[in-house]
Amino acid sequence: LEELEAHIEDEYNVIFKSKQSYYELFKEADISWKKSQKANPKKNSELVQKKRRNHSTARAMEVRDRVREASCSSDG
């Protein structure tokens, strides 16, 4: 944002009163003024792995139970 402000002031001798005017210029030019992040700062690798393990364990138990039900119903 500071670079855009400086460029407009240097090239056109214009200073907007509101930051919103600069944001609107970015929007019109289809340019994002926000910096991208390499990784989600809220991501907790340990928690993600724990959830994956829990999901895998639950899925394995579900399959095991279905196999048991199928074998019991065929024994009948």
Side-chain angles (χ1 to χ4, degrees):
L1 180 63
E2 292 82 20
E3 289 178 32
L4 178 62
E5 288 178 284
H7 176 75
I8 292 174
E9 183 178 359
D10 292 344
E11 290 293 316
Y12 305 102
N13 201 29
V14 172
I15 300 173
F16 292 115
K17 289 182 181 180
S18 169
K19 299 277 187 205
Q20 187 62 37
S21 299
Y22 298 102
Y23 296 134
E24 288 174 12
L25 286 174
F26 278 131
K27 185 177 178 182
E28 285 294 318
D30 198 27
I31 297 172
S32 174
W33 63 90
K34 297 177 183 177
K35 290 184 180 179
S36 64
Q37 296 175 333
K38 292 183 180 181
N40 184 343
K42 294 180 183 179
K43 182 178 177 184
N44 180 331
S45 297
E46 288 181 26
L47 184 58
V48 170
Q49 291 301 320
K50 184 178 178 182
K51 285 183 179 183
R52 284 184 181 163
R53 282 192 299 271
N54 288 345
H55 179 73
S56 296
T57 302
R59 181 76 178 124
M61 292 171 71
E62 186 179 306
V63 170
R64 179 202 61 199
D65 292 344
R66 286 185 183 176
V67 169
R68 284 183 182 167
E69 288 175 10
S71 67
C72 289
S73 64
S74 66
D75 290 342

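Hydrogens, waters and symmetry mates play no part in the numbers below; they use all other heavy atoms, side chains included.
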Not counting sequence neighbours, list each pair that qualifies as a salt bridge (Lys or Arg N to Asp or Glu O under 4.0 Å) and has a residue in residues 9-22. Glu5-Lys19

Looking at CG of Asn13 and CD1 of Ile8, how far apart are the two atoms once the value is rounded to the nearest 0.5 Å? 12.0 Å

Qualifying residues under side-chain contact (heavy atoms from CB on, under 4.5 Å), relative to Glu24, sequence neighbours excluded: Gln20

From Leu1 atom CG to Phe26 atom CZ, the distance as rounded to the nearest 0.5 Å: 6.0 Å

Donor-acceptor contact below 3.5 Å, side chain Tyr22 vs main chain Leu4: no

